[in-house]
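In what follows, a single structure is set out as structure tokens and then discussed.
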Amino acid sequence: MRAQLARVDAVLIQAVIAAALSFAHLHDIAMAAGQDGWKAWAYPVSVDLLLVAAWRRLQSGEAKAAGWCWFVIALAASLGANVATAGLLDLGDVPAWLRILVAGWPAVAFLGGTLLAHSAPTTANPDAEPGEDIDGQEDEPEPLPPEELPTRPAVIESPPERPAMPVPAALVEHARKVAAEHHTRTGTPIDTPTLRARLGVPAPMAEAIATHL
């Protein structure tokens, strides 16, 4: 239990560190693109919320294509900020295309969050039992035409039992010794094919002997 708690604590610490670094990188990109004040702090929040909404859609098992699409978009925004602030981009001279992306991101995040959080409700009722409508009323079975009424199956008589084959008492006693020796050696009762092979008798005779054991 203590090892499991330590593993969970390590995962949580790693998640906090990664989230803080990604949050700071997105904030720096927004600041460099001309979004100052509270607006620079709102950009990382919108990216993280879109990631969470996409992950929840993937976990629900519905519309996985839309979930993966918006998850990749939010992940690209987060990774792009991390890479751009690693020295590959001059934050003092941000290109125009990046300013356009940063300015248009709120609309993209709002569209993705709306599509992920407010999907069209399904018309079928998953809790309805078979033969029950969505309103909770049971469907009345339609009467079958006379020619389609189920007919009572004919009674199949079982074949008469075969008379038991007479087995000599000496052979039964010998079979008991063989079965006991097999059980002592293997720990399991002897089966009919093994008994037949040990005694060298036909299959019907082996079955008759097995009934006496």
Side-chain angles (χ1 to χ4, degrees), residues 1-15 18 51-75 79 115-117 119-213:
M1 184 65 180
R2 185 173 302 174
Q4 184 177 2
L5 290 176
R7 185 166 58 251
V8 172
D9 291 343
V11 172
L12 290 178
I13 294 173
Q14 181 67 20
L51 276 172
V52 172
W55 179 250
R56 288 178 62 87
R57 173 56 63 91
L58 292 175
Q59 291 293 100
S60 66
E62 299 179 359
K64 286 191 174 182
W68 277 115
C69 177
W70 290 106
F71 185 82
V72 170
I73 292 174
L75 186 62
L79 289 177
L115 294 177
L116 291 173
S119 58
T122 56
T123 56
N125 185 6
D127 298 330
E129 297 291 337
E132 184 178 354
D133 291 339
I134 299 178
D135 299 335
Q137 299 179 356
E138 295 184 357
D139 296 335
E140 296 183 359
E142 298 180 359
L144 296 176
E147 60 273 8
E148 296 184 5
L149 291 176
T151 57
R152 186 175 181 181
V155 179
I156 301 177
E157 296 182 358
S158 58
E161 298 181 357
R162 299 175 56 184
M165 180 178 293
V167 182
L171 186 56
V172 173
E173 187 65 24
H174 177 63
R176 286 183 179 145
K177 294 179 181 180
V178 171
E181 185 270 335
H182 181 274
H183 187 274
T184 302
R185 180 168 48 87
T186 63
T188 57
I190 192 171
D191 55 359
T192 303
T194 305
L195 181 64
R196 175 190 174 190
R198 294 289 301 274
L199 297 179
V201 297
M205 178 65 73
E207 294 177 358
I209 295 174
T211 59
H212 290 80
L213 297 182

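Side-chain atoms are counted along with the backbone in the values below, which use heavy atoms only and exclude waters and symmetry mates. Note that this is a predicted model, so its numbers are computed, not measured. Starting from 1, each residue takes its place in the sequence as its number.
Pairing each heavy atom of R57 with each of L115, the nearest pair is NH2-O, 3.8 Å. In terms of heavy-atom proximity, W70 sits nearest to L116 at CB-CD1, 3.8 Å. Contact record, I190 with A179: CG2-CB, 3.5 Å, taken as the closest heavy-atom pair. Residue A54 comes nearest to G67 through the heavy atom pair CB-O, 3.5 Å, listed as atom of the first residue, atom of the second, then distance.
E181 pairs by the salt bridge (Lys or Arg N to Asp or Glu O under 4.0 Å) definition with R185, R198, not counting sequence neighbours. Scored by the salt bridge (Lys or Arg N to Asp or Glu O under 4.0 Å) test, R56 finds no partners at all (sequence neighbours excluded).
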- Might you work through the side-chain contact (heavy atoms from CB on, under 4.5 Å) test for W55 and V52, ending with a clear yes or no? CA-CA 5 Å; W55 179 250; V52 172; 5.7 Å; no

